Protein chains: 2
Amino acid sequence: MQKPVALTQLRVACSGCNLRELCLPVKLTGADLELLDELISLKHAYQRGDYLYRSGARFQSLYAIRTGFFKTQVLHEDGREQVTGFQMAGEIIGMDAISSDSHACDAIALEDSEVCEIPFVRLEELSRRLPSLQRHLHRILSREIVRDQGIMLLLGSMRAEERLAAFLLNLSQRFSVRGYSPTSFHLRMTRQEIGSYLGMKLETVSRTLSHFQAIGLISIRNKSVELNDLVKLQTFVGPPPQLL
Amino acid sequence: MQKPVALTQLRVACSGCNLRELCLPVKLTGADLELLDELISLKHAYQRGDYLYRSGARFQSLYAIRTGFFKTQVLHEDGREQVTGFQMAGEIIGMDAISSDSHACDAIALEDSEVCEIPFVRLEELSRRLPSLQRHLHRILSREIVRDQGIMLLLGSMRAEERLAAFLLNLSQRFSVRGYSPTSFHLRMTRQEIGSYLGMKLETVSRTLSHFQAIGLISIRNKSVELNDLVKLQTFVGPPPQLL
DNA sequence: CATAGATTTTGACCTACATCAAACGCGTAT
DNA sequence: ATACGCGTTTGATGTAGGTCAAAATCTATG
């Protein structure tokens, strides 16, 4: 079931990684960066559908996504699932597991992906020696908290149209930061997964996307989206005009 | 507006605090605990309605709640608000601010409260020297992430009845850990605040509570609740029986 | 302790979204 | 090429919870 194929052990380390600016090494330089390189030597490849980790599994490492796309989900014992996030290159995953030494959610590859393993005990050691790394680790943890709060706002107080608009804009922004087009991209997840993430049914996702397309806001065919008007899309995040 | 009245500077420090087991000092002993004491010397008192901090304010410290009750909320620019949590004694608040050096939410006292200020830079310094403190800080940050994921599950995939049952059980459990009755307590928040937190309108909160009372599950009068059957309440968290 | 304002409850009605169902498109295997 | 299966779209209908409104109750203040 789990297929962590150890990839090239070639030193394609942080110092040479083009995600340096986004990922864990932010602001590290020279000798400090080399110390981090030593720590993060293992790369693993995952195929679409593979689990990076499962809920309940013993916690040992954080993972930095090098390439590809993951989703994280929590399962309620009654079988209901909630997608808690979609992660892309440069993002760190697995932080929920620190609190209990075991993973609190599943992480599943949505396409063929590569991750760097970050043994957490060693990361803690190193961050004791490098204050700037320590600070950055804290920022990453905190950023996750802020992200989650944003999703609470979305789930707790937005309507379906707003949620979907916010979702598309969020993806757009993240692709943009990574040098991809902010207006044209592939959704790696199903309507069902989007729906789970946004607290709505897949049919509602589909209908709402169709509606956006009908009014010319987006063009969508299967998993390819084109955002035709980012500014107008932004106005959909917020109460309908007549209520202002 | 903000009234941080510096309280007694008497050394009512961590080492003598009865929240020691719940709060930041977990597992610290002897000399290490004294180092933490030095750091956390400032106590502040807040009255009901006071802001502990506001969204956008510069980040300097985390806060440990000594006594009282707070809520945190994020405001959407259009005025909608989402309550993101209710915090009680022994809980650490303000961690969302680490990522951007400014607070991402408001924290407001729901009753007269006291907090210990934890200057974050100094906490980082100390946690570089004390691995067990470092680990605990990471756990606290991670625990917040897990908590938020639980709320996502709640908001994204539960019905009103389930959310409210889960909410009451969560409070029950937290009071219990603190030595208070798990079956009889005061809600410090309004129906509106509960509703905001749980993603429903105050009328729905009120109706659902009335319903729980009608079937003998709880007794509620204003803000005093009595949980008459914790086990049965638990069965309300989960899909309705006919779907199993 | 009287009054005003907030909070809560309850009722009647409405709507956004869910549910159920059918048809369609597309990728993959035979 | 054909068929199977999964994901998606679209339509028809149902309902949980929202909205609006009024009454009841609580709380704070002079």
Side-chain angles (χ1 to χ4, degrees), chain A residues 47-49 71 80-83 108 110-112 154-165 167 186-215 218-225 236 238-240 242-243, chain B residues 47-50 71 80-83 108 110-112 154-167 186-215 218-225 236 238-240 242-243:
Chain A
Q47 299 185 304
R48 178 180 156 75
K71 70 167 176 180
R80 279 177 295 186
E81 67 179 50
Q82 171 73 30
V83 171
I108 300 166
L110 294 180
E111 62 182 19
D112 293 359
L154 183 142
L155 291 173
S157 61
M158 292 188 183
R159 290 165 311 100
E161 242 179 26
E162 300 181 71
R163 294 182 200 187
L164 203 50
F167 173 69
H186 258 81
L187 300 172
R188 330 276 150 137
M189 64 296 280
T190 65
R191 304 288 188 266
Q192 145 91 296
E193 287 163 334
I194 297 173
S196 171
Y197 182 59
L198 298 178
M200 52 210 253
K201 294 288 129 141
L202 70 96
E203 293 95 327
T204 307
V205 174
S206 177
R207 273 183 239 280
T208 308
L209 288 173
S210 298
H211 174 61
F212 283 169
Q213 171 151 266
I215 61 178
I218 68 172
S219 312
I220 185 161
R221 179 179 170 74
N222 283 319
K223 313 230 147 156
S224 333
V225 215
F236 271 73
Q242 72 273 21
L243 294 182
Chain B
Q47 299 185 306
R48 178 180 154 75
D50 286 348
K71 69 166 175 180
R80 278 178 297 185
E81 68 179 51
Q82 171 73 30
V83 171
I108 300 166
L110 294 180
E111 62 182 19
D112 293 359
L154 182 142
L155 290 173
S157 62
M158 291 188 184
R159 289 164 311 100
E161 242 178 25
E162 301 182 71
R163 294 182 200 189
L164 203 50
F167 173 69
H186 258 82
L187 301 172
R188 328 280 150 135
M189 65 295 283
T190 65
R191 303 287 187 268
Q192 143 90 307
E193 286 163 333
I194 296 173
S196 170
Y197 181 60
L198 298 178
M200 52 210 254
K201 294 288 127 137
L202 68 96
E203 293 95 328
T204 307
V205 174
S206 178
R207 274 183 239 280
T208 308
L209 287 173
S210 298
H211 174 62
F212 282 168
Q213 171 149 267
I215 61 178
I218 68 171
S219 312
I220 186 162
R221 179 179 171 75
N222 281 318
K223 312 226 150 159
S224 332
V225 215
F236 271 72
Q242 72 273 19
L243 294 183

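In the text below, chain A, chain B and the rest are named by the order of the sequence lines, each starting its count at 1. The shown structure was predicted, so the numbers you read here are calculated from the model rather than taken from an experiment.
- Rounded to a whole Å, the NZ atom of B/K201 is 16 Å from the P atom of C/dT7.
- Side-chain atoms of A/R221 lie closest to C/dG25 of the nucleotides D/dG17, D/dG11, C/dG25.
- Remark: P of D/dT9 and CG of A/N222 are 7 Å apart, rounded to the nearest angstrom.
- In this structure, B/I194 and B/M200 have side chains that are not in contact, with every pair of non-hydrogen atoms separated by 4.5 Å or more.
- Counting only N and O atoms by type, the side chains of A/H186 and A/E111 include no donor and acceptor under 3.5 Å apart.
- Atom CD of B/E161 and atom P of D/dT15 are 16 Å apart (whole Å).
- Here the P atom of nucleotide D/dG17 and the CG atom of B/L164 are 11 Å apart, to the nearest Å.
- When distances run from any side-chain atom of B/R207 to the nucleotides D/dG18, C/dC26, C/dC20, the shortest one goes to D/dG18.
- Across the protein-nucleic acid pair, A/H186 atom NE2 and C/dC26 atom P stand 13 Å apart, rounded to whole Å.
- Note: A/L209 CG to A/L187 CG = 7.5 Å, rounded to the nearest 0.5 Å.
- In this structure, the side chains of A/K71 and A/R188 stay at 4.5 Å or more apart for every pair of heavy atoms.
- Distances from the side chain of A/E203 to the nucleotides C/dT7, C/dC20, C/dT10 place C/dC20 closest.
- Proximity of B/T204 to the phosphate of D/dG17: no side-chain N or O atom is located under 4.0 Å from OP1 or OP2.
- Judged by distance alone with a 3.5 Å cut-off, no donor-acceptor contact links the side chain of A/R159 to the base of D/dG18.
- Taking a 4.0 Å limit (strictly below) on heavy-atom distances, residues 187-200 of chain A reaches DNA chain D at A/T190, A/R191.
- Rounding to whole angstrom units, CZ of residue A/R48 and C1' of C/dG27 are separated by 11 Å.
- Following rounding to the nearest Å, A/E162 (CD) and D/dG18 (P) show an atom-to-atom distance of 14 Å.
- Contact check for B/T190 versus B/L202: no side-chain heavy atoms found under the 4.5 Å cut-off.
- In this structure, B/I220 places its CD1 atom 11 Å from C1' of C/dT9, rounding to the nearest Å.
- Here the closest heavy-atom approach between residue A/F236 and residue A/I215 is recorded as CZ-CD1, 3.7 Å.
- Between B/K223 and the phosphate of C/dT7, there is no side-chain N or O to OP1/OP2 separation shorter than 4.0 Å.
- Residue-level contact check: B/L202 touches the bases, meaning some heavy atom is under 4.0 Å from a base atom.
- Distance CD/A/E193 to CD1/A/I108: 8.0 Å, rounded to 0.5 Å.
- For the pair B/S210 and C/dT10, the criterion of a side-chain N or O lying under 4.0 Å from OP1 or OP2 is met.
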